[in-house]
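Report on the structure given below.
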Amino acid sequence: MPRWPKNYKKKHPDRNYKKEAEYENSPEQVARRVERNKARRRAERKGLVRKGDGKEVHHVGAPRKGSLAGVPTRVTTRAKNRRIQPKRS
């Protein structure tokens with residue numbers, strides 16, 4: 001099953017996919033992704049989450065930019081974690 005409808009790009013012509021890819025592959029974002037994956041693996045080893053269980057590891061009080069190392073985490077549902085919005089500065 002595709003993640004997006006087949007005509008998604010046609011509906012969103014103003015979206016810059018190349019710029020998104022460059023941002024996602026920037027060193028800072030790669031480092032943050034590594035930290036998120038590490039936190040997920042730690043929770044899996046503790047038995048708090050499992051693959052396909054609909055849970056996510058929420059980083060409590062995470063900074064908008066910078067490292068996620070040392071930030072406390074907790075397990076939440078995917079829906080709840082997506083509703084949580086960080087403070088905008």
Side-chain angles (χ1 to χ4, degrees):
M1 184 173 157
R3 185 171 175 185
W4 302 107
K6 290 182 180 180
N7 59 353
Y8 184 80
K9 286 187 180 183
K10 291 179 185 175
K11 289 183 180 179
H12 301 279
D14 55 336
R15 187 169 168 183
N16 189 341
Y17 291 92
K18 184 176 180 182
K19 189 174 180 181
E20 283 183 32
E22 288 172 359
Y23 174 74
E24 290 165 359
N25 294 316
S26 67
E28 181 182 353
Q29 289 307 310
V30 169
R32 286 178 69 88
R33 184 171 63 245
V34 167
E35 291 295 331
R36 286 193 301 271
N37 292 340
K38 280 183 186 177
R40 174 77 186 189
R41 284 195 304 270
R42 277 194 298 266
E44 285 176 352
R45 281 196 297 269
K46 289 181 182 178
L48 300 173
V49 295
R50 286 195 320 237
K51 186 176 178 180
D53 64 357
K55 304 284 185 184
E56 289 187 350
V57 177
H58 170 60
H59 290 79
V60 182
R64 295 280 294 162
K65 290 189 172 190
S67 176
L68 293 173
V71 176
T73 60
R74 76 171 153 229
V75 176
T76 62
T77 63
R78 180 175 189 232
K80 186 173 182 181
N81 200 31
R82 301 298 167 95
R83 281 194 307 259
I84 298 170
Q85 288 293 314
K87 289 184 180 178
R88 311 262 186 227
S89 51

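All values reported here derive from a predicted model rather than from experimental measurement.
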_Partner residues of His59 under the side chain to side chain donor-acceptor pair (under 3.5 Å) criterion, sequence neighbours left out_ = none
*Under the salt bridge (Lys or Arg N to Asp or Glu O under 4.0 Å) test, which residues partner Arg74, sequence neighbours left out?*
none
*side-chain contact (heavy atoms from CB on, under 4.5 Å) partner of His58, the single match among Val71, Val75, Thr76*: Thr76
_Suppose we screen for side chain to side chain contact (heavy atoms under 4.5 Å, CB included). Which residues come up paired with Arg40, at least two apart in sequence or across chains?_
Glu44, Val49, Asp53, Val57
*Output every pair passing side chain to side chain donor-acceptor pair (under 3.5 Å) with a member in residues 24-34, not counting sequence neighbours, ordered by first then second residue.*
Tyr23-Gln29
*Sequence-distant partners of Lys46, side chain to side chain contact (heavy atoms under 4.5 Å, CB included), two or more places apart*: Leu48
*Excluding sequence neighbours, so at least two apart, what forms salt bridge (Lys or Arg N to Asp or Glu O under 4.0 Å) with Arg82?*
Glu56
